[in-house]
Each structure stands twice: as structure tokens, then as C-alpha cells.
Amino acid sequence: MNLPQSQPIRDFSDYRSDFPGLHQTVNGQPLVYLDSAASAQQPTPVIEAVARYQREDHANVHRGVHTLSHRATELYEGARDKLCEFINANSRAEIILTSGTTESINLVAQSYCRGMLKPGDQVLITSLEHHSNIVPWQLVCEQTGAELIVAPINDRGEVELDELYELMTGRVRLLGIGHVSNALGSINPLHDIIRRAKQAGITVLVDGAQGVPHMPVDVQALGCDFYAFSGHKMFGPTGTGVLWGRESVLESMPPYQGGGDMILEVSFDKTVFNDLPYKFEAGTPNISGVVGLGAAVDYLSAIGMEAISHHETSLHDYMVQQLSTIEGMRLVGTARQQASVQSFMLNEIHPHDLGTILDHQGIAIRTGHHCAMPVMQRLGLPGTARASLGLYNNHDDIDRLIAGLEKARQVFA
Amino acid sequence: MNLPQSQPIRDFSDYRSDFPGLHQTVNGQPLVYLDSAASAQQPTPVIEAVARYQREDHANVHRGVHTLSHRATELYEGARDKLCEFINANSRAEIILTSGTTESINLVAQSYCRGMLKPGDQVLITSLEHHSNIVPWQLVCEQTGAELIVAPINDRGEVELDELYELMTGRVRLLGIGHVSNALGSINPLHDIIRRAKQAGITVLVDGAQGVPHMPVDVQALGCDFYAFSGHKMFGPTGTGVLWGRESVLESMPPYQGGGDMILEVSFDKTVFNDLPYKFEAGTPNISGVVGLGAAVDYLSAIGMEAISHHETSLHDYMVQQLSTIEGMRLVGTARQQASVQSFMLNEIHPHDLGTILDHQGIAIRTGHHCAMPVMQRLGLPGTARASLGLYNNHDDIDRLIAGLEKARQVFA
Amino acid sequence: MNAAVDNPQLQNLYRELILDHATKPRNFGRLAAATHNAEGINPLCGDRLSLYLCIDAGSRIDSISFEGSGCAISLASASLLTETVKQLCVADAQACFTAFTQRLTQGTNPEALPAAVGFDKLHALDGVREHPSRIKCATLAWHALHAALHQQPLTTTE
Amino acid sequence: MNAAVDNPQLQNLYRELILDHATKPRNFGRLAAATHNAEGINPLCGDRLSLYLCIDAGSRIDSISFEGSGCAISLASASLLTETVKQLCVADAQACFTAFTQRLTQGTNPEALPAAVGFDKLHALDGVREHPSRIKCATLAWHALHAALHQQPLTTTE
Ligand SMILES: Cc1ncc(COP(=O)(O)O)c(C=O)c1O
Ligand SMILES: Cc1ncc(COP(=O)(O)O)c(C=O)c1O
């Protein structure tokens, strides 16, 4: 679907003004922010929710009888309820609040897998994964003697489904797979993949860091066992994230970290762990961050994830179309289903130089391996330049990017 | 040292106005906040630093070539430098940024101890510890077959040094000990304890959650191997914390979590971990929180930790003196060296009821076991009422507390 | 309560009846012949109560007792509980549990309870509704009752 | 560089000499007879360079080469490095390393360098100072040199 350049997406132009970070000049030019896949800007309601919490409501949660502590607890637990509804979890007990996708995945690797994996067992991932969905499995495989196996991708950046399904033997205990690739934007056909994995009796963790900010997510409809995501990529604060897990699976797992709040009773003889979700939340949580994350969920829900997905798909189509007009442009990642991210190379210009030249024009993109070195190795590239979208981007941003790339071509002409 | 009631501590009255959270009414009364040991209020410079970062400077750190990413990295790494100086670490490589004390201790338990402990080895702690300095050791002892042993405390709430030293045999691989007890306020004589432990070849972790906010800390002078603390107790944001570790020890440890940023190179054959401190910081960190923590360090440094310690010591003396005037008062925790915290019982009134009655008068204290159940078991109490101080408290707060307790006595008369 | 206590919300929470039951709990102690029992823990304050029941062949609660430590609200609630459900059949006791917890957490009035149930005294705990952080104290014993009736030995209010 | 590029800071970074060395790097390839070598990785962008040196019995760098991939700045810097230190004794090469990295990171002028050292060409990289995020690119090869001279096979700029 290619939109003509003259058709602005009207509804979304309003949201842009909610993001103070976008309204600044960088190197003398109005900022064009095309790095939301790394981390998104935050809307005023999120920034204000955090500041208001810190000014008016802060105290430690859960164990206080005084008013502020009660208020902080209500706000913190209220955010959990919002998240529960946002991804259609079955119960708030399934929403484990973490510091981000990375911690969520490490939690599963250590708490779910470490005690269970034996030599001969396998953990299955794909070549598309982010380091956060690779290294935790490497660590636990090394600890247990299990084997990490990897399904390949094709030149477009799509997982080779036939080969993935062939690898789903009885030896595989867990499949870790991304929802959307942060390096190439490929959307994995999760429904089919999860169905096949469940038929083979395989537990499935979805790395949803790049899914949740860009499309509606319904964990029950997906049918996976774990779904991990980060607050800072969905317009919330850094240091926040979620591990959603199926209640029965979470129940069966030992705690991850030990400390305050995750216990019912401590003595030196025996310690009784708390119920879900608290069993997995040791120590004082990131209360102000989670309050901000709750505000981000409200913000996204008010717009509607369907509308956001539609807006971004249009914009992505436009970006692809416009990039293709540039001489010497090579799009990297051309999966048939793609979301919000486009990697590319321009002539022989190293991505790092592209990044600097664009930055001089106020255009922020990311360059390098995007924490997905295996993707780069597979495609034989040292890295790529990557433009990624958020709900606040518009046609003008794309036009500025195109003009900036033309200038880069001239520098290296 | 008992100050007469008429001598206000002038210098500190100014700081109070920096804390917006203190300037509100609770249940129709001006708030008296005596729960800083659970979590401290934040001064405006911290709240503003976080909000400004989110409005103007936010992007992901470390891997970006564009201006915002560079700015975010400078702010984040700048906070690390401030923390390094604040506790007199030898090098910034020794400052591992975590989500809090609890994560810091879990990191050491898993990364330092898990691979090293064998059946027959011992981990030594004391009866004074917070659950966060108990449960991580219980978990790793269970995982490795090592034994957790516990030095007792006396009725005043002091660690029995003779018995502690007797337990320091060649079997002990690590001593985990608090700087200041959050339940009883006892200050441990760390210099002597650490010297004895090091003579016995024992690695020492200090739980400094209640040390750093209240007194100067010099990790090199202490001579320990690890020092853990939380941002939210030192007037910074939640979701932040530090593990300081001796560089040579940190070098020898395997990574804790896997993910982005903690690697140099990932392939499916081999993964090369990053240098310190990054080896231990997987995934996108709590950038805005750490920026706020840097602002908190600036704030504390400007006042001076010596001055804060002096102010709080005077105030604690006054609080003890005034509490002692109440009929039916039993002070819990009467160590000869005490800081910022006072637990107590009033007649037969359950602490929980005390907490509610004080809350009705706008006075916030904490009640219960304070995540230190073994202390309560040792003293034969279900819990205590606890008033704890921050740099912003004053004589008036204590006077209000005393009046509030008198009213509680009447309710249960 | 001393009339000098001027705060109406506080008076409403710590009514005479509550303080009376808290300081002189009824049916306190251990039932040696208990057929059912459960322990309730409130991690918020570390309180713990044990509830003991003798349920006869006709599914009637023949005798009941509790022991443990807790705040005035949880002790009074436990004491009132024992008075309320003693001699009730299990189904009626279960109905009491539902009515009481709903009244406290949602403010709803109990639906028509069986005639045998003397629920009125429990209204003394209505003041707890204005103290959200104390609701778990008031329901602790009731959750223990529910657990005991369902043969679950440990329950918490988290 | 095309004169159409109007941004002076950008012009200052991508000078003619830089672009020339980046697109036609000197001493590129592998030295089969290397006595010393090291690999430098810049985790920021994933760049990696290998440096090969033949150091003769008199501690002189007889020949030098590099290979690998990188951005214009790191390639140009590596290429200029090989030209600069070739034929220097190890001590002078080490002095070059110190002078160059200090110039870029602290803006200091090199202290009196030995007469043998042709340092001037390296001033073409001065523009990097205004691009803090690119300094690691410019110093990557130099850190590899330092590592090779100290027999450390792997180094990074993190
Ligand atoms: C002595 C002590 N240790 C550890 C902790 C745990 O700190 P956090 O909850 O910030 O991880 C606390 C605070 O609750 C504490 O007071
Ligand atoms: C696909 C994917 N997975 C995992 C992560 C890790 O997320 P975080 O750094 O927030 O833990 C990211 C973000 O960098 C990502 O894009």
C-alpha cells in the first residue's frame, strides 16, 4: 500500500505535540527522530505522571499502613492492572514487573530453564534475534549442558519456516522467538509458529520488545507461554518492563531473585515465598517508572493500537517507496510482513558515516549491528543504517530523511 | 548527646523546602514523614533532572551516533562518575549500576558465589540482616549445597562480635553484613569486622542500603570487597542502585544477565563479554533513573555527608529522649551506635494500630517486621513501630510524633 | 475508647465493641479435637492467626477457636467470626464469608442470609472500609475460615 | 568532497585527505611475516580492524599493514597510522600513540615528538574532536597498535 505523498495522516499530527522531546533543534535543524526502535520519546502525560508521583505520592509500596504508602501501592498496582488489560492477560498475577525485556528473558532462562534443562535438551531460537534473546540462552545452555540451536533466515530477513519446524523435535524444551525484528522489521507469523511449537510440546517465549509498541497484542490469542517487553520502547520510562507468563507455568517456577517483598516468611530454617506475581519481584520496585508505564498504557489505549498500527504501516510503506528512489540505495530487510523498522545501505558509505552526516542535519537514526550481530553475519554486513518509526512520525520526517541521504551521497560522491 | 528542645538546627531547615513531598496535608494535617528508611522523599533538583532528561535528552545510550544518544550517554556515564567519587571507588569500572540493593546482592550471590561454593563451604551473615541480605544467600546455598550460618545479636540489637569472629573459620567463603540495620538502627563496627574477615581470607559484602544515605562512605577505607546500595533511599529515584565491587574481584566473575550492551561480540559459536562495568549491565539501563541518582549525589555532596550525619545524630538523640518520656514506651534497638532509625512498642498496642492512629494525624511511620523477620523472632515480637529520619526531618516532626503517640495511648486507654 | 479522641473516622474504626473483642478475644486458644484448621498470614504486618474447627457429621460447626497475634482489627474480627459461625452449618458459614468479605471490599450489603446467621454484630467492622490498608486485617481470619473449610492449611491476604 | 556540502563542521570532519585514505587505504592487507599483531573492535559500530607489524631485531617497525572494515574515519585513521609509524622504532611509535590519543581526547598538542616522526598529516583528523561519538573510530587502530606493541591480541574502545 503506497500512499501518495500529498495525503497527510491527519489524526496523528495532533499527537506529535504531546512529545516535548521532538520539539527541539539538533545541530541547528528541527529534530527528526527516527530511532524509536532503540528507545521511544515520551509524551507529556507520562513525564508528568512520573514527576507528579515523585512530588506528591512517593513512599515505599506494599508494606506501609500510612496514607502515602497506600497511595503509592494503589498507583503501582493500578499500573499492573492496566498492563494486564492492555495485553489481555488472564489475571494480574501473570504480570511480572521487571526492569525490561532483557531481565524478563533472563528470568525465564534462569528460573524456568536452569533447573529443567539437561544435556541433550535443546533451546531453539532464530538468526533474527536480538542479543537479549540469544545470550541468556547461551548462558543457561552452558550452565546445563543443553544445546542452543538456531533456525535460519532467508535473504529477505524472514525466518525459514520449514527449517524452523524441522528443528522442533522432541528434544526442544523452549522456543525463544521475536515478535518483530528490531534489525530488519520482519514480523514473525507467530500464530502458526506457536501452534506448531505447542503441538510439539515446546514452551514458547516471545520477545515482544518491538511488538507491543506498534500493534495490538493479545497474549491469550497468541497462545505462547511467556511474552516479554520493555517500557521505554512503548513511550514509557526506562528501567521498566514486563514478563507475562501463563499462571500455571509461573506457579511451577522457583523464584529468580531473593529479597524483600517476594517472601511471606523468612527464618533461617525455612523461607516461604510469596504468591504470584510477587514471588518474582524482589526488593523495592521501580515505582515511579511503573507509574509512568501505566500512563503510557493509558496514552496508547486512548489512541488505539489498531490505529497506531495502521498509521505506522502507511508510513513504513511511504518510507520504503521513497528510499527506493535514491540512487545506490540497498534496502536490507524486505520481509513480506514488516513493521516500523527499515534498515538500508547507501552505496559504499559505511553506516556510521551516514549516521554522522544525518545527525548534522538534525536527523537521528541508528547505525551498526543493532544488537543483532548474527543477522549482520548472515547478511555479510558490518552493520546497517536503520530508520525506525513511532506513532509520532510523519511524512515530513521521511522527506527530511530522503533529503539528508541525498546530501550524504554528495559528501561521498 | 541530648540537645535541649529549644535549640533548632538552623542550617537544615532550609533544605526542607526542597522536598515537595513534605509539603502536603495527610488526613487534614501537615505531613510528618518518618519513613525514610523505607524510601526517602526526593528533592526538586532530582525530580527536575529526571523530567528534564525525559523532555530534552532521552534516547538509548552507548550505541548511538546521533546527538541525543550521545547526550543521554554523557548524562548516564556522568552519573557513574559522580557515584564513583561519592563512595571513593578506585575506578568507574567498579561502579555497576543495578535496580537496587536487592539486585546488587543477588548479582554477587549468583555470579560470584554460585560457581564457587561447594558443599561444606559456608556463607556467614548476622541475625540483623534485611531479607535482601538473607534470601539471596539461602537460594545460592540451596543451589550449591553450601551452608548459611548466622551470628547472633544481643538484646540491644548489636551483633555479638565474639561469636561472629568465632564463626569466621576457613570454611566461610563470604560474609554478608549490613552497614546499618534498617529495623533497629544499629551501626555495625565495620572496620573491625572487615579487618577480621580479611585476616581470615573471607570475601566481604556490605549491605549499605541504610549506610550511604546517612553518613560518609569510603569503600576503599572500609576494605570490603562489595558494597551495595539503593538510589531511592538516598533521595534518588526508585529502580536504581549500585553494586560497588573491587575491580580484581569483578574481573574474575562471569556475567550475571545476558543481553545487549554486556557483550562485545555475539555469534552462535562464541560470545565475547564486554569490559567492566558493562559486563554486568545487560539491556537498556534505567537511564532517567540514573540521571536522577546523579542529581541526588550532587545534592547530598553539596550539603556534605558529615553535616547530614551530624544533623541526624542530634535528631536521633532528641527522638530517643522524647520517646522515653512516654508512659508505657519500650524502645526496641538500643545499640550503642545507632543511626536514623528507632523502633519501639507502646504498651500492648499492636504496631499496626499505632500506625493507623498516627496516620490519622498525618504522621507516617512504618510498622511490621521491616523485612527483617529474624530480628523480630529473636526479640520475640510480631513487629515494631519504626520512626526513621532523613536529612529533612526536624524537632517539630519529633514533637508531632510524641503528641501522636500520646493520643494513641488514649485510644487504647 | 477515651472520649478525648476527637477524630470521628478513628472513633468509627476503633469502636467499643472492637476494642472489647481485641483486648478480650472470645474462643481464644487451641481446639485439641479440631477436624479442620488453617493458618492465615498477613504479610503486610506479619500477623498470623490459626483457626480450629470441629465439624460434626451433620456438617455443622460444633466448636471453633483461634489463636495467634495480630492488631486490634484482626483480633476483633477473628473473635467476632468465632461467635458468628459457631453452630452454623458449613454452607451458612461459607455464605457468611462471602457476605463479610464483599461488604468490606465492595461495600455491598449481604444478600438475604439464612435466618440462623447473626450477622449484625459484624457491622462493628464497617469502619474498616474507610481504611483500605486495614481491610486485609479484618478479612484475615475469614480467609483462614474459607481455607479451613476447603482443607487448605495456609492462606495469605496478599 | 562535493562543494555543495555547505556544513563547515561536516567539511572539517570529512576532509579530502580523510576521504582519500578511506576509499584508498594504504598498506591494506595481511602481512604474512608479521611478528606482532592485534585486533581492535569498536562495539559501538561493530567495526573491527586487524593490525600486522614486522618488528626487526633493532626494535624498528620494518613493515606494517591492516585489514578489516570500518567507517571512513576509522579506515582513514588506520591508513594514516600505517604511514606514520612505518620505519619508526617501537618507542617512537608508542610516543605517537600517546600524542595522537591525547590530542583527540583532550585536545592537547603533542609534546616535542622525535624528529623522525611525521605527525602533521594526522592533523587531518582534528575535525573528529568536534564529534565526540566518533573519537573511538579514530582511535581504534591506534589502540590496536598499542595492544600489538604490548602483545595483547584483542582490544576494544569501550
Ligand atoms: C538494610 C537494607 N538492605 C536491603 C534493602 C533492600 O533495598 P531495595 O529494596 O532498595 O532493593 C533495604 C531496604 O528495604 C534495607 O533497608
Ligand atoms: C527485539 C528486541 N529484543 C530485546 C530488546 C532488549 O530490550 P531492553 O534493552 O529494553 O531490555 C530490544 C531492544 O533493544 C529489542 O529490540
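Remember, it's a predicted structure, so these values are computed and weren't measured experimentally. Chain A is the first sequence line, chain B the second, and so forth, proteins listed ahead of strands; every chain is numbered from 1.
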So which part of [X] gets closer than 4.5 Å to some heavy atom of chain B, the side chain, the backbone, both or neither?
X: A:Tyr256; result: both
X: A:Asn27; result: side chain
X: A:Glu103; result: both
X: A:Ser127; result: both
X: A:Ile125; result: side chain
X: A:Ala372; result: neither
X: A:Ile134; result: side chain
X: A:Ile105; result: neither
X: A:Arg52; result: neither
X: A:Leu139; result: side chain
X: A:Asn106; result: side chain

Tell me, out of [options], who's got the most heavy-atom pairs with chain B below 4.5 Å.
options: A:Val50, A:Val290, A:Leu68, A:Val26; result: A:Leu68
options: A:Ile149, A:Leu107, A:Asn60, A:Thr240; result: A:Asn60
options: A:Thr284, A:Ile47, A:Thr238, A:Ile365; result: A:Thr238
options: A:Pro351, A:Pro255, A:Ser267; result: A:Ser267
options: A:Ser39, A:Gly100, A:Ala40, A:Ala109; result: A:Ser39
options: A:Leu31, A:Leu22, A:Ile287; result: A:Ile287

Heavy-atom pair count under 4.5 Å with chain A, highest-scoring of [options]:
options: B:Arg114, B:His232, B:Gln143; result: B:Arg114
options: B:Ser36, B:Ala364, B:Pro254; result: B:Ala364
options: B:Gly239, B:Gly241, B:Ala51; result: B:Gly239
options: B:Ser230, B:Gly260, B:Pro237, B:Gly259; result: B:Gly259

Region of [X] that comes under 4.5 Å of a non-hydrogen atom in chain A:
X: B:Val140; value: neither
X: B:Pro136; value: both
X: B:Gln138; value: side chain
X: B:Arg378; value: neither
X: B:Val266; value: both

Does the side chain of [X] come under 3.5 Å of the side chain of [Y] through a donor N or O and an acceptor N or O?
X: A:Thr367; Y: A:His352; answer: no
X: B:Gln110; Y: A:Gln257; answer: no
X: B:Thr101; Y: B:Ser132; answer: no
X: A:Asp35; Y: B:His66; answer: yes

Donor-acceptor pair, side chain of [X] and main chain of [Y], under 3.5 angstrom:
X: A:Gln42; Y: A:Gly236; value: yes
X: A:Thr102; Y: B:Ala282; value: no
X: A:Ser111; Y: A:Val108; value: no
X: A:Gln24; Y: A:Pro30; value: no
X: A:Lys233; Y: A:Ala37; value: yes

Within residues 353-363 of chain B, residues adjacent to chain A where the heavy-atom gap is under 4.5 Å:
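Under the 4.5 Å heavy-atom cut-off, B:Gly355, B:Thr356, B:Asp359 qualify.
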Which residues pass the side-chain hydrogen bond (donor to acceptor under 3.5 Å, both in side chains) test with B:Gln29, sequence neighbours left out?
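Partners of B:Gln29 under the side-chain hydrogen bond (donor to acceptor under 3.5 Å, both in side chains) test: none.
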Can you run down the ring-ring contact (aromatic ring centres under 6.0 Å, His included) pairs that involve residues 34-57 of chain A, sequence neighbours left out, and say none if there aren't any?
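Qualifying pairs, neighbours excluded: A:Tyr53-A:His58.
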A:Gly21 and A:Gln41 have their tightest heavy-atom pair at CA-OE1, 3.7 Å
Any ion pair linking A:Glu48 and A:Arg55 (charged N to carboxylate O, less than 4.0 Å)?
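Looking at A:Arg55 and A:Glu48, the cut-off is met.
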Partners meeting salt bridge (charged side-chain N to carboxylate O under 4.0 Å, His left out) with B:Arg71 (sequence neighbours left out):
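Here the qualifying residues are B:Asp57.
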Run the side-chain contact (heavy atoms from CB on, under 4.5 Å) test on A:Ser69 and A:His62 for me, step by step, so that the C-alpha distance in whole Å, both residues' side-chain angles and the decisive distance to 0.1 Å come before the verdict.
CA-CA 7 Å; A:Ser69 174; A:His62 292 150; over 6 Å; no
